[in-house]
Every structure is written in structure tokens, then in C-alpha cells.
*Asks:* 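Quick one: structure below, then a few questions.
Note that the structure is predicted; figures quoted are calculated from it, not measured. Index from 1, following the sequence.
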Amino acid sequence: MTSYSLRSASPAKTRADAVVVGVVAGDKGPRLCDAAEDVSKAYGRRLRPFLSTMGVTGKAGEAVKAPSRDEVNAPLLVFVGLGPDPTDPIAVRRAAGVAARSVPNAASVALALPSETPELVAAVVEGHRLGGYAFTAYKSAKTETTEPADVVVLTGIARRSEATEALERAEVLADAVAMTRDWVNMPPKDCTPPLLADLVVAAHKEVTKGRGAPKVKLEVFDHEQLAEMGCGGILSVGDSSESPSRLVRLTWAPKGATAHLALVGKGVTFDSGGLTIKPSSSMVNMKGDMAGAASVVAATLAIARLGLPVKVTAYAPMAENMVSATSTRPGDVITMHNGTTVEIANTDAEGRMLLGDALSMAVEDAPDVVIDIATLTGHMQLALGDKVGAVMGTDDEVAAVLAAGVAAGEQHWRMPIPEEMKERITSSKVADLLQHDWVRWGGGLYASAFLREFTGGLPWAHLDIAGKEMNLGGPYGHVPSGATGFGVTTLVQLARGLAEA
């Protein structure tokens, strides 16, 4: 495990296997950021020609390795591009992630990146931790890369308590995102609903053990209990599988809590589409269909570790959507937890059935705000791509999520719930609601209108993160290939905003 610390020593005088220096893309050519100013002085007039010779521009995503010669007390210099604004935490976080992948085998690394404020210190630590993430649990051969044992953030505020606290917060957030990535990356046979619930139990035990640890209540409901509770939506999906459904509820209720936040996350551990079976190519990454559940669990445990004075109840419904003799059929009518009847039209629109039950349970707790997060619809992936999440819901809550995303370094975009969607979701001739209507346009908006029926009129926002849970391309910034952990930092930042309101 890498140890992170702060130090006020200069990068030119710091002994390490590698020194990472941030480069700003200026109007007059590249320049080193303020944290690397003494490196610039050490090179003197030779620096600009040296950068030019190495092809360094300072553009975001750039990483250029160079021998340090005698100017720096390390054998390797790594120039990392920050783009034009070195005060932007998002740019710094991404640059730190690039740095982590650019120095894979150094035992010790010094980071001379913008760190003049606690916010920037946090961005450096979080970005470096997450940029160096790799999922190797199923690799039979030893990988050629190793994590550094020691990483030092070189900052002029190293002795300030706010900087140390920022580092500690960043490590908690990075732990939460990494845990989410681990779970989403797991093969689906090793992450069925019972096994995913076991992972939650183990993570909960780790966070709450020991004197002074946060007290988080954990409840795990099995198939029989879900049936007794009337969770027809969850069971309509999970009864197609040999692996029985689960629902996990976490409760963080600190003294003096200023608000009550309910989090609900979709936990479909594998989605074949059910009888409305998916094309083979569309099933490949369906192990990630439980990313919403993983996100709310990780965010809740992080909120507790941070001691935020906000009550949180998190619901993670878990089911596997398979094809069998017990699969729900198109045309079946399901009674949800709150008594609403739903006509099934498409068994591949299963996520809203889990969320409907869990949302109706969450509103029974009378929270101030309800947030759900799910890999819900391909429509939103088509609309916004693989890096921007969709947000729908009541005005104030959508605005709060958007603001939290900006602070957390995640991109979200507001989408509407047009009033005509009400007519579409209530068009069933045999039930209260129609689960799906096969109209080609507006499917993501339809799904959010359907979910709204289970929110009890409470302040609510829905995050559709379809396509954001897995990065199918190469790594970028602090995001690796594979599972991303998208949404976790937004949820934690949202809770922090409620605490500060």
C-alpha cells in the first residue's frame, strides 16, 4: 500500500526515484508550475530549450520522461501537462493520474504539482491514487508494474492542518472509488447478489471495526424477507436466476445530523435481458450493471469515515436478470412494494423494477432528499456519451447534483422529464403503470418518469450513469480502462453540501 505524505522541501533538493513536475501550457510556451519553480531555476536559461527538445508542450494528458542530469536529486524527471490553468483542481487531478501511470516502477515519487491550497492538495492525492489503480486479481502472471512505497506531495502548505486533513479526505475518497471499481470489475459469477451482499458485509466490517470507528447499521434482506416485504419489482427480475436476490440497507445516523439523505443504487449483477434477451455483443459488459449499488454503498461508508453530519440511508437492491423457466414474461403484471401494479413489456428494462421497490422503501424513512443512481438506459449513453452522466428530477436537487459534480470533478448534464411522459407510463390497459412502451425516442426520459412515481413527491434526483461505469477505451486522466467508479465522489460531495447548508 502506497504511503502519501506532505513535504515542504523543494523538488530539486528532494531525494526520490522520480520527480514529477507540472507544466503549464502558456501563451508564450510551456512553463513549470509554481510548485516546481526551483527546478526551473536550477535549469536556468537551459530549461526552455530543454523542454522544446523533449517536445514538452504542457497540454493536458501529456507526460514526457527525461533524465534529470545533476540539477535534481533524482534519476528521472517526468513532465506532466496541466493545460492552461494550474489552479483548476480537475486539471490537477487528471495530471496526477497521468503521472501515476507514467512512473510505474519507482519505489519513491515526489510530486511537484500545483498544491497551493488544500483543495489542490486533495486533487493531487486523489488523482495519483486513482490514476495508478489496476485490477489484477485474476491475472495469473506477475505484472511488471509495482506501486511506489512512498509518494510525497511537495507543497508550501505542508505544515498546515488543513493540508493534512485534505490529504486524509482524498485517501478516503480514493478508497471508496477503488472499492467500487474492484466490485464492478469482478466477473459476474463471483459477484452474484448473495456474493455482492457478502462483499458489502466485509467492507462494512472493515470500516466499522475498532475504537473510534464510525457506527453504521447494516441490514441484509434475503429472498424470503423481500417476498414478505412485498418487493415484487426486485423479485420479478431476480426470480429468473438460481442466485437469489438481496437488498442491503446501510444507515449512518450521527448525532447532530443536519439533514437526511436517502441513496438508492441499482444492483443488477448481470443482465442478460431476460426473455427479452440482449444481443450477444451487448452482454459483454453487463457485469457492470450493479455499479449504482456499489456506488451508494461506497459513498455511504466514505461519508461515515469522513464523519459528515448528515444522516444517510442507503438502499442497494441486488438481482441477476437471467433466462429460465421462472423468468418474468412480457405481459405479466407485478405488484410493487408500495402497492402499485406494473405491466411488464420488456424484461430488459429491469433496473426500474428494482429501483421502484427500493425508492418506495426509502421514502418511508421520510428523508429530506432522495437520490438514485443507476446504469439505467442506453438512451442516455447515446445522448451524452461515455463521460457525462444524465440528471433528472426536482429543480433544487438537480442543481445540487450538478454543483456537486463540478466540485467532485465529474461531469453531469440535466435532462428533462416532459409532462407527456406521464401519459406514456400510465397507458397500460391492465395495470397502474406500463414498464416500457417500445417507442424508440425518449426512453431515458420515460424511465425517469417511471421512477418518479415511487418517490412520494419528495425532493429527488435520478442519475443515469449508463456507459459511465466502464471505460472501454484507453486510460485518461485519473480514469483507468475498465471500471471507473463514476458517481461516488459526486454523492459524497452532495452529502458534504447538505452538511454545510
*Asks:* Side chains of D464 and T377: any donor to acceptor distance under 3.5 Å?
*Replies:* yes
*Asks:* How long is the span from the CG atom in L494 to the CG atom in L263, to the nearest 0.5 Å?
*Replies:* 8.0 Å
*Asks:* Give, for atom CZ of R452 and atom OG1 of T394, the distance between the pair rounded to the nearest 0.5 Å.
*Replies:* 10.0 Å
*Asks:* What's the shortest heavy-atom distance between P459 and D368, and which atoms?
*Replies:* CG-O, 3.4 Å
*Asks:* Any idea which heavy atoms bring Q493 and A408 closest together, and the distance?
*Replies:* CB-CB, 4.2 Å
*Asks:* Is the shortest distance from a Lys or Arg side-chain nitrogen in E350 or K266 to a carboxylate oxygen in the other one below 4.0 Å?
*Replies:* yes
*Asks:* So Y138 and F135, would you call those rings parallel, tilted or perpendicular, with 30° and 60° as cut-offs?
*Replies:* tilted
*Asks:* When rounded to the nearest 0.5 angstrom, what is the spacing between CE in M470 and CD1 in I465?
*Replies:* 12.0 Å
*Asks:* Donor-acceptor check, side chain of D85 to backbone of A91, threshold 3.5 angstrom: yes or no?
*Replies:* no
*Asks:* Could you tell me if the ring centre of Y4 sits under 6.0 Å from that of H128?
*Replies:* yes
*Asks:* More than 12 foreign heavy atoms under 6.0 Å from CD of E119: is that the case here?
*Replies:* no
*Asks:* Does a donor on one side chain and an acceptor on the other come within less than 3.5 Å for T375 and D289?
*Replies:* yes
*Asks:* Identify, with sequence neighbours excluded, every residue that meets ring pair (Phe, Tyr, Trp, His ring centres under 6.0 Å) alongside F486.
*Replies:* H412
*Asks:* Holding to ring pair (Phe, Tyr, Trp, His ring centres under 6.0 Å), I want the full list of residues that pass it with H478, two or more places apart in sequence or in another chain.
*Replies:* none
*Asks:* Say you draw a straight line from CG of D34 to OG1 of T87; how long is it, rounded to the nearest 0.5 Å?
*Replies:* 10.5 Å
*Asks:* Once you round to the nearest 0.5 Å, how far does CD of E397 lie from NE2 of H462?
*Replies:* 15.0 Å
*Asks:* Quick one: closest heavy-atom pair of D348 and D271, and the distance?
*Replies:* OD1-OD2, 3.1 Å
*Asks:* Please determine whether the number of non-hydrogen atoms from other residues, nucleotides or ligands lying under 6.0 Å from atom CZ of R46 exceeds 12.
*Replies:* yes
*Asks:* Does the distance from a Lys or Arg side-chain N to an Asp or Glu carboxylate O, for D372 and R352, drop under 4.0 Å?
*Replies:* no
*Asks:* Any chance CZ of R15 has more than 12 other-residue heavy atoms, nucleotides or ligands included, within less than 6.0 Å?
*Replies:* no
